Amino acid sequence: MFRICLQGAYRDDNGKPVVLECVREAERRIAGNLNMEYLPMGGSVKMVEETLKLAYGENSELIKEKRIAAVQALSGTGACRLFADFQKRFCPDSQIYIPVPTWANHHNIWRDAQVPQKTYHYYHPESKGLDFAAMIDDIKNAPNGSFFLLHACAHNPTGVDPSEEQWREISHHIKAKGHFAFFDMAYQGFASGDPEKDAKAIRIFLEDGHHIGIAQSYAKNMGLYGQRVGCLSVLCEDEKQAVAVKSQLQQLARPMYSNPPVHGALIVSTILSDPDLKKQWLKEVKVMADRIIGMRTALRGNLEKLGSPLSWQHITNQIGMFCYSGLTPEQVDRLTNEFHIYMTRNGRISMAGVTTGNVEYLANAIHEVTK
């Protein structure tokens with residue numbers, strides 16, 4: 001009997017957790033030079049430097065000009081929380097606009113930082129795509145100088161991303177209103193298989209002269225889920241401002257957790273600072289992304305082969321780990337009770353749980369509950 005769990009972290013085609021070979025090699029190198037000392041409040045300088053290159057570009061002038069305030073964070077969640085507290089302390093009358101839907105923890109993070117929340121249109125249920133016109137209207141109608149939370153790539157939970165042209169228009173309207181864009185980038189490299197392509201939205205905003213904030217995480221793209229390693233960066237006016245902002249971010253971190261953990265940061269910095277290990281990582285992250293893209297194609301193909309009268313084009317139009325299937329809570333309940341298939345009741349499928357061994361069974365079950 002099949003039992004399929006379509007929630008959680010990346011799995012290989014046998015449904016097993018994956019430790020990347022580049023991570024194993026980094027671990028071997030670290031083992032010979034263990035360091036149990038505290039990191040500074042701002043974390044590993046080397047890890048932060050390498051992480052900024054991924055987001056802002058290998059040869060970014062902004063990095064050379066030292067205009068970026070950045071600290072190591074407790075993965076993407078910690079980076080978002082640190083920024084939310086920074087927003088509350090220094091822009092106490094501001095609010096954050098969050099897309100509908102979004103990763104559920106975003107609401108918890110800004111709520112606990114006591115930042116007022118508003119929402120903006122994002123997902124269009126009928127087309128199972130982007131509600132672009134309504135999103136732009138919400139950006140235009142928000143009070144000048146509002147904060148907007150944006151998913152840099154592989155939107156969670158929908159898998160719906162704006163096109164490059166749409167990102168350019170979003171950037172234009174956010175700048176025209178004087179809004180501040182904060183990017184949560186949890187899936188760089190994991191979406192398309194190309195970290196440069198997945199950073200395109202951020203690069204567009206940089207080209208347009210925005211000051212932005214970015215939360216980065218290595219949970220998905222290096223499989224370092226339990227290491228809780230990430231980075232928060234804020235692009236500033238100049239080096240002097242960047243020094244001041246970093247100082248304040250460290251002051252916020254101090255009563256939260258004092259210092260970030262060292263081991264995950266060592267793994268990341270070892271991989272990204274070594275050309276051969278970085279090349280291996282780029283190859284391995286593409287393998288993970290390509291497997292998920294392949295499972296999207298297979299799931300859609302199996303549903304169409306069954307003669308489903310519904311359109312399943314959105315499965316392959318969406319990108320990243322998650323597919324917003326369009327299944328209703330009642331249909332999800334049937335999948336669980338009748339077919340032992342487990343997913344969140346909003347119909348979000350973790351494509352990492354789909355394998356060549358179960359995709360046909362999954363398609364048959366979905367077909368059965370959507371007849």
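A quick note: this is a predicted structure, and the numbers were derived from the prediction, not measured.
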For this session: Identify whether the distance between the nearest side-chain nitrogen and carboxylate oxygen of K278 and E58 falls below 4.0 Å.
Result: yes

Seminar exercise, completed: d(M41 CE, M256 CE) to nearest 0.5 Å is 13.0 Å

Exercise. Hey, what's the ring geometry for F148 with Y120, parallel, tilted or perpendicular (30° and 60° as the breaks)?
Worked result: tilted

For this session: Return yes if a side-chain donor-acceptor contact under 3.5 Å exists between S258 and Y38, otherwise no.
Result: no

Problem set entry | Qualifying residue for side chain to side chain donor-acceptor pair (under 3.5 Å) with R168, from E165, E164, Q166 | E164

Exercise. Does the separation of the ring centres of F180 and F83 fall below 6.0 angstrom?
Worked result: yes

Exercise. Just by distance, do the side chain of R296 and the backbone of G320 share a donor-acceptor pair under 3.5 Å?
Worked result: yes

Exercise. Passes side chain to side chain contact (heavy atoms under 4.5 Å, CB included), D198 versus M185? Steps please.
Worked result: CA-CA 9 Å; D198 291 347; M185 185 160 61; 5.7 Å; no

Problem set entry | Residues S217 and S75: side-chain donor-acceptor under 3.5 angstrom | yes

Exercise. With the threshold set at 4.0 Å, does a side-chain nitrogen-carboxylate oxygen contact exist between K64 and E61?
Worked result: yes

For this session: Using distance alone, with no hydrogens and no angle criterion, decide if T344 and N346 have a side-chain donor and acceptor under 3.5 Å apart.
Result: yes

Exercise. Any side-chain donor-acceptor pair under 3.5 Å between Q331 and T370?
Worked result: no

Problem set entry | Salt-bridge criterion met for D85 and R81 (N-O under 4.0 Å) | yes

For this session: Could you tell me whether the side chains of Y122 and T102 share a donor-acceptor contact shorter than 3.5 Å?
Result: no

For this session: Would you check if there is a donor-acceptor pair between the side chains of R300 and T316 at a distance under 3.5 Å?
Result: yes

For this session: Determine whether T77 and W103 make a side-chain contact, defined as any pair of heavy atoms from C-beta on separated by less than 4.5 Å.
Result: yes

Exercise. Which is it for K279 and K283 under the side chain to side chain contact (heavy atoms under 4.5 Å, CB included) test, yes or no, and what are the steps along the way?
Worked result: CA-CA 6 Å; K279 184 178 179 180; K283 181 180 177 181; over 6 Å; no

For this session: Measure the acute angle between the ring planes of F339 and Y361, then classify it against the limits of 30° and 60° as parallel, tilted or perpendicular.
Result: perpendicular

